[in-house]
Structures are given as C-alpha cells and as structure tokens.
Number of protein chains: 2
Amino acid sequence: MRYSKQRELIYGIIKATSTHPTANWIYQAAREKMATISLGTVYRNLDQLALEGMIKVISEGNIARYDWNTVSHQHLRCSVCGKMSDIEIPDRQLIKSIKHSHQFDVEKIEMIFMGICSEHN
Amino acid sequence: MRYSKQRELIYGIIKATSTHPTANWIYQAAREKMATISLGTVYRNLDQLALEGMIKVISEGNIARYDWNTVSHQHLRCSVCGKMSDIEIPDRQLIKSIKHSHQFDVEKIEMIFMGICSEHN
DNA sequence: ATTTATATAGTAATGATTCCTATTACTTAT
DNA sequence: ATAAGTAATAGGAATCATTACTATATAAAT
Ligand SMILES: [Mn+2]
Ligand SMILES: [Mn+2]
Ligand SMILES: [Zn+2]
Ligand SMILES: [Zn+2]
C-alpha cells in the first residue's frame, strides 16, 4: 500500500471523530479539504485501511460505519439520538465457553446494544 | 393485519428452515409454491411479521436475514461454510451492568460471533 | 351482495456499494 | 533530474438490496 494524500486525509478524518461515521459522512468531510476526491476513493481506502487493521468496520444495520478504535470493544446505540458509543465487554470467558459448548472458534465478535442512552432517559 | 395466503406461505417457509434466510431466498422458495408472488410482497410481509413480533430480523451485514425463533438468542457465523446457528447467551447480568456503568437502558441485543464452526476446524 | 379498506403484482425509484477505465502520481532505478 | 513501472485516483456506470408507487384484487364487515 503506497502513500496517497487521499488516504492520509481519510484516515485523519476518521481519527478525529468519535461518531462512528459512515462512508458518505467521511466523503462529505473529505470534500471540504479536497474538492475533487471521489466517493469510490473513499470506499477503496476504507477497505484498505480495514484490511491493514488500521480501522474497524461496524457492519450492523444497512449502512457500514467506520471506527479508528481498533482495540476490542463493542457498541451501544441510542434509539432516540442515534449516537453510537463504545463499551468494553470482557470476552475471554465467553469465547472459551463457546469453544466448549459449540466447538466453535470465535475470531471476531460484533455486539450492538440498542436502547436509550443516559441523556434520553 | 388481515389474512392473505401470501403471508401464510411466507411465514410457513420461514418456520420450516433453520438457515436464517434472506428475503431473496424466501422469495425464491415462495415462487415455487405461488408463481406470481412478488418480491415486494415478500418484503412487506416480512416487515409486518417482524412488527407483530412473529419473526425476528437479523440486520448484521449488508443483507437482512429473518428468523422464526423469537426468543432471546444470538448467532454464530462460520466464515468457511457461511452457516449461521443459534446460541443462547445469558444477558440479564450484562444488561444490569450496562445500566450501572453507562446509565444506558438496553432494549435489544444483537451479537454475532464470527469464526470457524465445528465442521470446519 | 355491497361496501370499505387492506393486500397484491408489477414496475419504477432509491441508496449503498462495487466495478470499470483512462489518467495521474508515487516510487525506484537510471 | 528523467524515465519507467505500477499502484492510486476521478468520474461515471453498474449492481444489489430495499422501498415506493399504483392500478387491480381480495378479505372482511354490514
Ligand atoms: Mn467504537
Ligand atoms: Mn436464530
Ligand atoms: Zn441518546
Ligand atoms: Zn462451517
């Protein structure tokens, strides 16, 4: 993967937000810094960054979201304001018990907790 | 929600499989019994059945899947064969601890454990 | 049987994502 | 510094899942 200023811009935009943005959100933000950047470039770079493990893809729901936080964590999503926030769920024991009960080797976990956040209850 | 033989057919198809089928899979199966059924009808009925709580929607990934099993459970997905199987994860304690640590009221949980199933490791 | 309203088939539209291709621009070697 | 080789880009077309539209059909109530 060789350098490009488009990728640097895209990665910078992701690192600067905690909103778990969509590809289109990132594209709009990128256009403000580089008017000619294309949506295809955004998608391609998001895929590459994810492949390199520099960002994570959250694929729950019909629109993919992207996350600069690559350490193991899960998400809370508020059904009122739509905000998605991080939560750490210890999963060592869980992975072990799934291995024992189902002979299934867990490699990746995606959890979404939907409900009402602290600002809306 | 008034009776229609299309909905009865669709619901029957979902109840008869454990594959967590997509809308298109259900559509293809339905066409074999009722040649003129339309994809729009399948989607509309899936939405209605979900609204009535008769089926569950699994919205991880870019394609929605449907589940006749409406009791609280989660899913394992094998990255080799693609099979999606059920797993029960006790969540009472988890919901309670999220309430305490994040003041977040969990209403719905969606967990996907990706990895290798017992037939492929 | 008549009325009323919901459901359907068929098709068009939408929205997210992927694919295609000529051009551009990093990178390495000369 | 120049050239060659190749990965990356812009822009647009194509794809795929899902939703919207609308005239017709059919369940349900009277
Ligand atoms: Mn996160
Ligand atoms: Mn299930
Ligand atoms: Zn909220
Ligand atoms: Zn498998």
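Letters go in sequence order (proteins before strands), and every chain restarts at 1. Note that the structure is a prediction, hence the values are computed from the model and not measured. Side chains included, hydrogens not; waters and symmetry mates left out as well; all remaining heavy atoms used.
Distances shorter than 4.0 Å separate some side-chain N or O of B:Ser4 from OP1 or OP2 on C:dT8. Taking side-chain N and O atoms only, B:Ser38 has no distance below 4.0 Å to OP1 or OP2 of C:dG10. Between A:Asn45 and D:dT9, a side-chain N or O to OP1/OP2 separation shorter than 4.0 Å is present.
If you take OH of B:Tyr27 and C1' of D:dC16, they are 15 Å apart, rounded to a whole angstrom. Going from atom CG of A:Asn24 over to atom P of C:dT18 covers 14 Å, rounded to whole Å. Following rounding to the nearest Å, B:Leu39 (CG) and C:dG10 (P) show an atom-to-atom distance of 12 Å. The distance between atom CE of A:Met1 and atom C1' of D:dT6, rounded to the nearest whole Å, is 16 Å. Between the P atom of C:dT8 and the CG atom of B:Asp47 lies a distance of 12 Å, rounded to the nearest Å. Atom CD1 of A:Ile26 and atom P of C:dA16 are 13 Å apart (whole Å). The nearest whole Å value for the distance from the OH atom in A:Tyr43 to the P atom in D:dA14 is 19 Å. In this entry the distance linking CD of A:Gln48 with C1' of C:dC26 reads 14 Å, nearest Å.
Of all nucleotides listed (C:dA9, C:dT17, C:dC26), C:dC26 comes nearest to the side chain of A:Tyr3. Across C:dA9, D:dT9, C:dT17, the shortest atom-to-atom separation from the side chain of B:Gln6 is found for C:dA9. Of the candidates D:dA10, C:dA9, D:dT18, C:dA9 carries the atom nearest the B:Ile37 side chain, counting heavy atoms from C-beta on.
A:Asn121 CG: more than 12 foreign heavy atoms inside a 6.0 Å radius.
Residue A:Arg44 is classed as a base contact, given a heavy-atom separation below 4.0 Å to a base.
Each of A:Gly40 and B:Lys5 has a nearest nucleotide on DNA chain D; the 5'-most of these lies closest to A:Gly40. Along DNA chain C, the nucleotide closest to B:Arg7 and the one closest to B:Asn62 are compared, and the more 5′ of them pairs with B:Arg7.
A donor-acceptor pair under 3.5 Å is formed between the side chain of A:Arg65 and the backbone N or O of A:His20.
Under 3.5 Å, the side chain of A:Arg2 and the base of D:dA8 form no donor-acceptor pair of N or O atoms.
Counting heavy atoms from C-beta outward, A:Cys81 and A:Cys117 have side chains that approach closer than 4.5 Å.
Annotation: B:His73 is in aromatic contact with B:His75 [ring centroid separation under 6.0 Å].
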### Task
Assess whether side-chain hydrogen bond (donor to acceptor under 3.5 Å, both in side chains) is satisfied between A:Asn69 and A:Asp86, documenting all intermediate values.
CA-CA 9 Å; A:Asn69 185 355; A:Asp86 290 351; 3.3 Å; yes

